[in-house]
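Notes to accompany the following structure.
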Amino acid sequence: ISYHGEGYAPCGMAECPPNPHGGWMPDAWNNTYHCVRTVTSESTDGHVDSIFCLFEDNENFVEYYDLTVDPRQLSNKYNELSPEEIDMYKDRLAQLRSCHGSSCRARVRLDNTREQ
């Protein structure tokens with residue numbers, strides 16, 4: 001999942017196209033983000049249903065939600081991830097942002113190795 005806010009180059013705040021419905025666009029300079037959603041099957045030990053998001057802002061803001069217990073994404077649990085988990089999610093997100101075609105749909109284990 002990627003979203004490019006008004007601050008995303010080449011569309012600076014003043015250069016963005018006007019809202020076709022009139023009024024100000026409800027957007028902000030720092031809301032460009034990229035997320036990876038991870039869902040494992042119910043039969044997998046340690047079922048995972050989560051979302052990990054990196055924001056392109058001057059704060060380097062990161063979000064992580066365990067959607068099995070927090071489906072409305074109200075409690076950011078990023079600070080509870082281990083360094084290994086953070087690296088795993090960042091690596092997977094980088095892979096998804098650079099893939100093309102069918103390679104984007106390859107099933108990947110949580111350790112970022114491809115399933116056979």
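Hydrogens, waters and symmetry mates are skipped; everything else that's a heavy atom, side chains included, is used.
Remark: side-chain polar atoms of Asp49 are not paired, donor with acceptor, to backbone N or O of Pro71 under 3.5 angstrom. Although no hydrogens or angles enter the test, the distance criterion places a donor-acceptor pair under 3.5 Å between the side chain of Thr40 and the main chain of Val48.
Here the side chains of Phe52 and Lys90 are in contact, with some heavy-atom distance below 4.5 Å. Put simply, the side chain of Val36 reaches to within 4.5 Å of the side chain of Leu96, judged on heavy atoms.
For the atom pair CG (Asn79) and CD1 (Ile86), the distance works out to 8.0 Å, reported to the nearest 0.5 Å. Taken from CZ in Arg37 to CG in Leu67, the straight-line distance is 5.0 Å, to the nearest 0.5 Å. Put simply, CG on Leu54 and SG on Cys35 are 8.0 Å apart, with the number rounded to the nearest 0.5 Å. Atom CD of Glu84 sits about 7.0 Å away from atom CG of Asp87, to the nearest 0.5 Å.
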In sequence, state the C-alpha distance, the side-chain angles, and the governing distance for Leu74 and Tyr65, and then conclude on side chain to side chain contact (heavy atoms under 4.5 Å, CB included). CA-CA 8 Å; Leu74 300 175; Tyr65 298 98; over 6 Å; no
How far apart are the C-alpha atoms of Tyr78 and Tyr64, what are their side-chain angles, what is the distance that settles it, and do they pass the ring-ring contact (aromatic ring centres under 6.0 Å, His included) test? CA-CA 5 Å; Tyr78 170 71; Tyr64 172 82; 8.3 Å; no
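Screening residues 60-79 for salt bridge (Lys or Arg N to Asp or Glu O under 4.0 Å) gives Lys77-Glu80 as the qualifying pairs, with residues at least two apart or on separate chains.
At a cut-off of 3.5 Å, with distance as the only test, no side-chain donor of Thr38 or Tyr89 sits close to an acceptor on the other residue.
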